[in-house]
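For clarity, every value in this text was computed on a predicted model and none was experimentally measured.
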Amino acid sequence: MEIRIHDIDKKKIQDYLDGKSTWGHKIFGPIKDGHGYTFRIYAPRADRVFIKGDFNKWQEEELTKNVEFGYFFKYIDAKIGDYYKYIIESKGKRVEKTDPFAKEMDLPPAFASRITDESYSFKDELWLNKRSKNFDQPMNIYEIHVGSWKRYTSRVNFLDIVDSLIKYLKKMSYTHVELMPVTEHPYYPSWGYQSTGFFSTSSRFGSLKDLKTFVDILHQNDIGVILDFVLVHYAADDYSLKFFDGHDLYESEYKDLQYSQWGSLNFDYSKGHVRSFMKSAICFWLEECHFDGIRMDAISNMIFYDGNQNRGPNIENINFLKDLNSAIAKKFPTVMKIAEDSSSYPKVTYLVEDGGLGFDYKWDMGWMNDTIKYFEIDSINRRSYQEKINFSMFYFYKERYLLPLSHDEVVHLKKPMINKMNGSYEDRFKELKVLNMYQLTHPGKKLNFMGNDIATFDEWNENESINWDILKFPKHDDFNRFNKDLNNLYINNEAFYKDDYRNEGFKWLVVDDKINSVFAYERRSENQRFLVVLNMANVYHKTYQFPIRGKIKLIEKINSLDEKYGDYKKKRTDIILEEEEVLRLELWEYEAVVFEIIEYGR
């Protein structure tokens, strides 16, 4: 066996410890070194560190400690595919640990780290060359859980679903897919939100190379991929980061700050090495897998202690978010940074140099909660909840918002979207179509969770496939077809996305009709105008007047009650208005309709 005493550049390790590094994964973990690997692990307060694995028949070998910087290292004649574990010895206690920088881990509940083949040649140059943050482009995101989108066996590999997923995304005119966390996690029902491997692809879904192939194929089909990532906390399993060197290495030294509301452990971003660890983890995924966006979970819990605004802002975390987003923007200027933030903290989507946190988008949790609450109310009483619909545009231009109807809304007895609608079986389908049209035509980018688009009656269960068989029933097939046409209308007409974040792109026409619960607005761009009419009540109007005038022609583009979607309305003939004429429409119960507005002479 070749014997080496191999050290690293002092500046690199000092930068890492000072929180300035985005390449910790190129220092720690198994680093290719000649015919073998040099293993490095940061554990400054450990007394001794040992390693065992396939390469030494699971016999413990002691690592050398760099006392100045607090890491341990050893060269080993190891190879791709070898499993290994560390043993951390501190104050007489020995604990087996996984490698924090491992790129692959054994299938839970096992936890050995594994040396993986990281090589892959992407073929997505055309996609990357045209990639943007989509501020003035359509962005319609389909959120999926890899293990339950189409699940017919106990385990689902990324490559098992990639072909059928692409076919479905293209059919439905989705622009991006968002993956719920695919980093390694011990408890499957945590859906990846309590992770143990921040550099490791979950072995449930395949290898790192499988994931790279998955993203590459999607890019070659003009579909972007967004990674959902957790940077607030980590799973409390003993083999993971918890008291890693026998002391509070990644968590806070203060007991009241260590544990999150979910029973996991909070990262302590006052520590430089923790800042470098997370910056490195996120940059690793963006660099190695070519993700187009990173959705950061539970940002309100970063901004405020445990998300509680009464405890005041967490300045260390806020400074870290600014630092992280600045680093991403510098290294990956076309990658989207998306905050799942339910707080009212200001300037989340402003540039750091302008006093913001540096995100590109923020989930509009207020819009989501208000909208769902409105549709849960019976039709006749919605007049008392008018502000649930009209309030969103009072604050919309303060941030760059994304409108989500995500997995969080269809789990834990919250009911699937179709069952949130109030009324009869027939009415619920009509109302859900109204809601979807409201979402797709409201300013802001869009996100929908799998199953929402087929009106599934099943609450999402991570152990089961989405019930695709439900499309055999006409009601659900009609609903899915409506969503396909609605998505297609959205991505092919710039008025619905080009000026999302400019006042010129939206104008209320009917906003305060509390008695009838009718809303109407225009979506505009320099070259297009559309009128959106939403009757959100179970009330028929023989004639409803709208404050729109001028020499215009209105062409009906999509109607939620169209007979081709299983209802009873035929498409309206074109409506022509003269200069002083006012638009009057026959409006049916729960009718949602979009008209293109053509001005004479254009």
Side-chain angles (χ1 to χ4, degrees), residues 104 107 116-131 138-183 188 191-192 201-228 285 288-293 295 407 446-454 456 458 460-472 476-477 479-481 483-485 487-488 491-492:
E104 188 175 337
L107 186 68
T116 191
D117 182 4
E118 299 178 39
S119 63
Y120 182 80
S121 297
F122 278 89
K123 301 177 180 65
D124 60 352
E125 295 87 357
L126 290 177
W127 169 266
L128 294 180
N129 287 338
K130 68 179 182 180
R131 183 172 73 179
M139 187 160 69
N140 191 12
I141 304 166
Y142 187 62
E143 183 192 24
I144 72 165
H145 177 257
V146 172
S148 58
W149 182 68
K150 281 191 176 179
R151 180 184 179 125
Y152 301 116
T153 59
S154 59
R155 290 174 60 187
V156 179
N157 187 287
F158 296 109
L159 303 183
D160 292 338
I161 65 171
V162 65
D163 291 336
S164 55
L165 179 62
I166 288 170
K167 183 177 179 181
Y168 186 72
L169 293 171
K170 297 184 84 165
K171 167 193 167 186
M172 295 297 293
S173 294
Y174 288 108
T175 62
H176 293 71
V177 62
E178 179 172 305
L179 306 180
M180 291 173 66
V182 295
T183 50
Y188 186 60
W191 316 323
T201 307
S202 177
S203 53
R204 295 179 180 89
F205 308 138
S207 67
L208 177 60
K209 184 172 284 190
D210 291 337
L211 179 56
K212 291 179 178 183
T213 306
F214 175 86
V215 175
D216 192 14
I217 295 172
L218 282 157
H219 282 173
Q220 292 177 49
N221 283 273
D222 285 329
I223 298 166
V225 188
I226 298 168
L227 177 66
D228 194 345
W285 292 109
E288 291 295 321
C289 293
H290 291 196
F291 285 114
D292 306 291
R295 181 266 196 189
H407 69 274
K446 330 295 178 186
L447 178 142
N448 256 290
F449 185 56
M450 61 184 195
N452 290 352
D453 46 334
I454 61 174
T456 179
D458 301 313
W460 173 53
N461 181 341
E462 70 278 355
N463 292 308
E464 298 178 1
S465 174
I466 293 297
N467 183 13
W468 294 102
D469 287 343
I470 206 170
L471 290 175
K472 296 176 182 176
H476 296 273
D477 186 51
F479 179 82
N480 184 243
R481 193 179 321 107
N483 274 281
K484 176 177 71 72
D485 291 350
N487 291 347
N488 189 61
I491 69 166
N492 286 306

key: Test log, rule side-chain contact (heavy atoms from CB on, under 4.5 Å), inputs Glu104 and Leu208   = CA-CA 7 Å; Glu104 188 175 337; Leu208 177 60; over 6 Å; no
key: Criterion side-chain contact (heavy atoms from CB on, under 4.5 Å) on Val146 and Met180, from CA distance to verdict   = CA-CA 7 Å; Val146 172; Met180 291 173 66; over 6 Å; no
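- For the atom pair Ile226 CD1 and Phe291 CZ, the distance stands at 10.5 Å (nearest 0.5 Å).
- Atom NZ in Lys212 sits 9.5 Å away from atom OG in Ser121 (nearest 0.5 Å).
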Audit row: Lys171, Asn480, side-chain contact (heavy atoms from CB on, under 4.5 Å) steps and yes/no = CA-CA 11 Å; Lys171 167 193 167 186; Asn480 184 243; 3.7 Å; yes
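- No hydrogens or angles considered: nothing links the side chains of Asp210 and Thr213 as a donor-acceptor pair under 3.5 Å.
- Distance check: Phe449 CZ to Ile466 CD1 gives 5.5 Å after rounding to the nearest 0.5 Å.
- In this structure, the side chains of Glu288 and Val215 stay at 4.5 Å or more apart for every pair of heavy atoms.
- Interatomic distance, CG of Leu447 versus CG of Asn140, reported as 8.5 Å (0.5 Å rounding).
- A side-chain contact (heavy atoms from CB on, under 4.5 Å) with His407 is found for exactly one of Glu462, Glu143, Glu178, namely Glu143.
- Contact check for Leu179 versus Leu211: side-chain heavy atoms found under the 4.5 Å cut-off.
- Ile454 CD1 to Leu471 CG: the interatomic distance, rounded to the nearest 0.5 Å, is 5.0 Å.
- Salt bridge present: Asp222 and Lys130 bring a charged side-chain N and a carboxylate O closer than 4.0 Å.
- The six-membered or imidazole ring of Tyr168 lies near that of Tyr142, with a centre-to-centre distance under 6.0 Å.
- The two atoms that bring His290 and Leu128 nearest to each other are ND1-CD1, 3.4 Å, heavy atoms only.
- With Arg155 contributing its side chain and Ser203 its backbone, the two residues share a donor-acceptor pair below 3.5 Å.
- Counting heavy atoms from C-beta on, the side chains of Asp216 and Gln220 come closer than 4.5 Å.
- Looking at heavy atoms from C-beta onward, Asn483 lies in side-chain contact with Met172 at the 4.5 angstrom threshold.
- The two atoms that bring Asn461 and Ser148 nearest to each other are O-CB, 4.0 Å, heavy atoms only.
- Looking only at side-chain heavy atoms (C-beta outward), Lys150 and Val156 stay at 4.5 Å or farther from each other.
- Classification of Asp163 and Lys167 as a salt-bridged pair fails, no side-chain N sitting under 4.0 Å from a carboxylate O.
- In this structure, CG on Asp292 lies 5.0 Å from CZ on Arg131, to the nearest 0.5 angstrom.
- Counting only heavy atoms from C-beta outward, the side chains of Trp285 and Thr201 approach each other to under 4.5 Å.
- Annotation for Pro181 and Gly192: closest pair CB-O, 3.3 Å, computed over non-hydrogen atoms.
- The aromatic rings of Trp191 and Trp460 sit tilted, their planes meeting at an angle between 30° and 60°.
- In this structure, Ile223 and Tyr174 have side chains that are not in contact, with every pair of non-hydrogen atoms separated by 4.5 Å or more.
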request  = May I have the step-by-step check of side-chain contact (heavy atoms from CB on, under 4.5 Å) for Val177 and Ile144, ending in yes or no?
outcome  = CA-CA 7 Å; Val177 62; Ile144 72 165; 4.0 Å; yes
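- Side-chain contact between Phe214 and Ile161 is present, with at least one heavy-atom pair separated by less than 4.5 Å.
- For the residue pair Val162 and Leu159, the shortest heavy atom distance occurs at CG1-O, 3.7 Å.
- Taking the six-membered ring where tryptophan is involved, the planes of His219 and Trp127 are essentially parallel, since the angle between them stays under 30° and well short of 60°.
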